[in-house]
Amino acid sequence: MKRLIFLSLCYVFTGLGCAYVNHGDPKDVTTTSVKTFAVNELKLISPEITLANDPSASLRYDYKISQTSRVLLRLGALKGLSGEILDEQPILLRIAPDPGAPIETAKENLRLCPLSKNWMMYATWTRAHPYNEGLWKSSGGDFEAFECLQPIAADSTLLTHEEEKAFCDPSSFLCFDIGKYTRSNVKARNINYGWILTSNKDALVIYGDLTTRGPEVFYRKFR
Amino acid sequence: MLKLILIFSLFPAFTLASPTKVGNGDDGSDLEQLQKVESGILLSTKNQAIELIEKLNVRGIKGLGNLQSELQHADLFVVKSDVSKPKIFDSGLETSPDGKTVYARTFAQPHSPVRFFPAALLLSEEQLVRLHIHEALHRSLPESVRENESIVSEITLAITSPSATRDSIEIVAAKHLKEDTTSAALEKNFLKTLKPSKRLLAPSLLRVSYQSFHLRDDEVLQSPISSLMTLDSFLYPFGGETDSLGVGISVSTLSYGNEQRTGPLGLSLRQLLNTWRGFDIEAYGEYSMYTFSDSDLKNVSQARDVGTVGLTIRKETDRFYTENFLSFTFPSEKEFKIGNVSYKQDYAPLIGAKISGGYKPGDYYFGGTLELLVTDGANISSESFESAKSRMSLTTAGLEGGLILDHVRLSFYGKTVLNSQSDRNLNNLGDLLGHGAGQGLIGTSLSFNF
């Protein structure tokens with residue numbers, strides 16, 4: 001009798017263990033669900049905004065991006081969420097340009113660059129933060145131009161599923177693939193310095209965090 | 001000891017004058033008619049006695065340290081009549097029961113007045129000087145011997161002898177003033193040294209002060225707190241002269257950019273511990289609250305609630321003053337929000353040591369300060385950002401000066417950070433009310449002490 005109970009318990013626990021680790025195929029979208037998060041840290045930096053906690057530099061309806069006006073952005077919770085991010089699925093960040101300008105112009109100019117120095121909401125054009133070693137090496141934010149991302153094309157293979165297509169509706173949004181950065185930095189090295197939005201040439205305006213079209217992050221996780 | 005008779009001869013023969021019962025038993029001592037001495041030979045001979053004591057440096061002799069003070073501060077009265085003693089009606093002189101003339105009386109307690117009888121006015125200046133010193137000895141000698149007429153007389157003669165020197169007086173004093181080492185006597189002697197200073201006697205103050213901070217350009221951008229106006233009210237309603245306990249309130253407003261905002265509110269408890277060996281010692285605990293509302297100072301990084309305990313030790317002489325400050329600021333946390341992001345700032349303890357000192361020519365004073373502040377700084381963190389603590393020391397030097405008119409004090413002061421570095425300033429300390437902001441400050445204050 002005891003042997004029977006023991007074997008039964010082994011069977012139950014083995015089954016539970018397998019069930020726990022076997023979520024399904026991560027490439028199979030039917031076993032995954034979509035998560036989106038609004039980017040919570042948005043800070044406008046410009047040589048004209050000198051005050052560290054200038055209220056006009058955050059919580060805005062729109063942000064102007066030009067060669068002398070940039071936006072620092074980060075999803076603060078991404079570090080904590082990185083455990084559920086699937087390696088085989090895209091991670092997207094979308095920006096909504098102001099409809100007043102042609103989206104193609106925004107697509108040509110807008111760049112999303114990973115920052116190489118941590119910052120906080122006191123950041124300015126010259127400083128990442130007001131504390132020890134808080135100066136940017138280069139005014140306007142520390143990043144490597146070759147790491148900057150261009151918006152993905154509307155026919156990108158990353159947008160094969162309906163949810164991704166809807167999220168990156170090319171008529172309204174510009175999407176960036178931040179999967180590589182997230183996996184190699186946030187997930188593997190626990191670094192989440194965030195991004196900076198720059199414009200190569202012309203000035204453009206994007207919707208801000210006081211609207212429903214502010215920057216958002218999209219990824220898939222197991223159901 | 002209520003009655004004294006001084007016989008002015010080279011042979012000291014003193015006799016106590018005990019109260020005489022008259023009529024129904026009332027000794028009539030409360031029927032004396034007194035007149036305060038404000039001029040005349042009694043006053044001039046008192047000054048001569050003080051000069052003699054100073055000249056012989058009697059103050060430095062063990063057991064005679066309070067003699068000069070007693071001479072200087074005792075009130076003098078002339079007794080028009082003494083109904084408690086029998087009179088020789090022929091001469092009008094006061095006499096003791098054994099028939100000797102009474103010249104003056106005092107109580108054998110510190111600070112008691114001296115009553116002179118008409119017979120004293122018949123004495124020579126030299127005799128009156130002796131009389132002053134004799135009476136003062138009754139009040140200033142150790143309690144165990146102050147009523148002993150023969151000892152008092154012998155010391156009086158030692159001091160007033162034409163050949164008196166400091167050494168000769170010291171020999172006589174040492175012969176009689178043996179140290180009383182009983183614990184009760186030691187305690188009594190110890191307490192006697194606790195004479196309240198002027199500051200302890202009038203510790204309460206009302207003060208208004210204004211400080212303008214020196215900010216570098218980058219500091220203006222990070223935190224543009226440019227000036228602070230403070231009203232302090234420190235009242236000491238509890239305790240005695242030497243151990244008064246006070247409650248302090250400090251209300252302030254500050255200039256933040258172009259705006260005026262409600263500044264820190266400081267509450268404090270202050271205990272004047274005492275004056276030991278001429279040093280005024282005060283302990284205090286302060287709590288400064290910065291977080292009134294978001295629109296005031298809550299979201300300024302360095303504005304935190306601050307709890308501090310400290311000790312000040314001050315000594316003043318006629319010409320100089322020196323003061324040491326020791327303080328310990330407790331660690332504290334604050335939270336603030338910028339945009340959608342909440343930050344937590346965790347301040348490490350702060351230890352401060354400050355030395356000040358200066359010169360006081362007349363009603364003015366001027367001096368300098370040197371202060372060392374050591375802290376591990378502050379850790380600031382959010383879910384995506386963390387700035388670690390790092391050991392930091394700040395040294396500040398300053399100048400101070402002002403005018404002291406009785407109960408009113410007008411002060412000017414300034415200080416600057418000596419070891420200034422790019423990220424090292426008073427803002428890092430997070431204590432506007434206690435240490436200011438930026439690279440230093442200049443300030444002025446007007447206070448009324450009572």
Side-chain angles (χ1 to χ4, degrees), chain A residues 37-45 47-60 63 71-82 115 117-135 139 185-186 190-195 208-210 214-215, chain B residues 215-226 256-259 261 294-303 335-348 375-392 421-425 427-430 437-438:
Chain A
F37 287 92
V39 172
N40 64 321
E41 298 184 40
L42 279 161
K43 180 73 193 280
L44 182 65
I45 60 170
E48 292 152 15
I49 300 172
T50 53
L51 198 58
N53 61 349
D54 188 330
S56 69
S58 59
L59 290 180
R60 294 173 59 98
Y63 290 87
V71 174
L72 305 170
L73 71 166
R74 171 166 54 196
L75 174 60
L78 194 57
K79 203 187 279 186
L81 298 170
S82 62
L115 285 162
K117 183 178 180 66
N118 208 354
W119 57 280
M120 66 176 293
M121 293 295 283
Y122 277 139
T124 62
W125 187 257
T126 54
R127 296 190 74 101
H129 57 80
Y131 307 106
N132 197 27
E133 299 180 354
L135 283 169
S139 293
N185 287 288
V186 183
N190 208 28
I191 289 173
N192 183 21
Y193 293 164
W195 305 82
D209 42 2
L210 286 184
Chain B
L215 305 176
R216 290 187 311 227
D217 289 346
D218 60 318
E219 290 162 355
V220 172
L221 304 180
Q222 297 303 323
S223 178
I225 299 173
S226 55
Y256 187 85
N258 296 323
E259 302 171 17
R261 296 192 182 183
D294 289 348
S295 60
D296 288 322
L297 264 183
K298 192 172 181 178
N299 281 345
V300 174
S301 161
Q302 74 272 35
E335 291 184 0
F336 59 99
K337 193 172 182 183
I338 311 171
N340 286 320
V341 186
S342 295
Y343 292 94
K344 190 169 84 173
Q345 198 159 13
D346 175 18
Y347 281 89
T375 178
D376 279 339
N379 157 267
I380 183 164
S381 60
S382 68
E383 62 180 350
S384 57
F385 178 84
E386 182 152 14
S387 168
K389 291 175 183 170
S390 63
R391 174 61 61 92
M392 179 185 76
Q421 295 176 5
S422 62
D423 292 308
R424 186 170 293 186
N425 54 40
N427 292 347
N428 300 132
L429 306 177

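These numbers were taken from a predicted model, which means no experiment stands behind them.
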TODO: Any chance you could measure A:Lys43, atom NZ, to B:Ile338, atom CD1, to the nearest 0.5 Å?
DONE: 7.0 Å
- [ ] Would you confirm whether B:Tyr343, through its side chain, and A:Met121, through its main-chain N or O, come within 3.5 Å as a donor-acceptor pair?
- [x] yes
Open item on the list: Only pairs of heavy atoms separated by less than 4.5 Å count here; which of A:Ser58, A:Gly80, A:Ala77, A:Gly194 has the most with chain B?
Closed with: A:Ala77
Task: Under 4.5 Å from any heavy atom of chain B - which part of A:Asp209 - done: side chain
Task: Within residues 375-385 of chain B or reaching into it, pairs that qualify as salt bridge (charged side-chain N to carboxylate O under 4.0 Å, His left out) - sequence neighbours excluded - done: B:Asp376-B:Arg391
TODO: Could you pull out the closest heavy-atom pair between B:Glu386 and A:Asn118, with the gap in Å?
DONE: N-ND2, 4.2 Å
- [ ] Could you tell me which residues satisfy side-chain hydrogen bond (donor to acceptor under 3.5 Å, both in side chains) with B:Ser384, sequence neighbours excluded, listed by chain and number?
- [x] A:Glu41, A:Arg74
Open item on the list: Using 0.5 Å steps for rounding, measure from the CZ atom of B:Phe336 to the OH atom of A:Tyr122.
Closed with: 4.0 Å
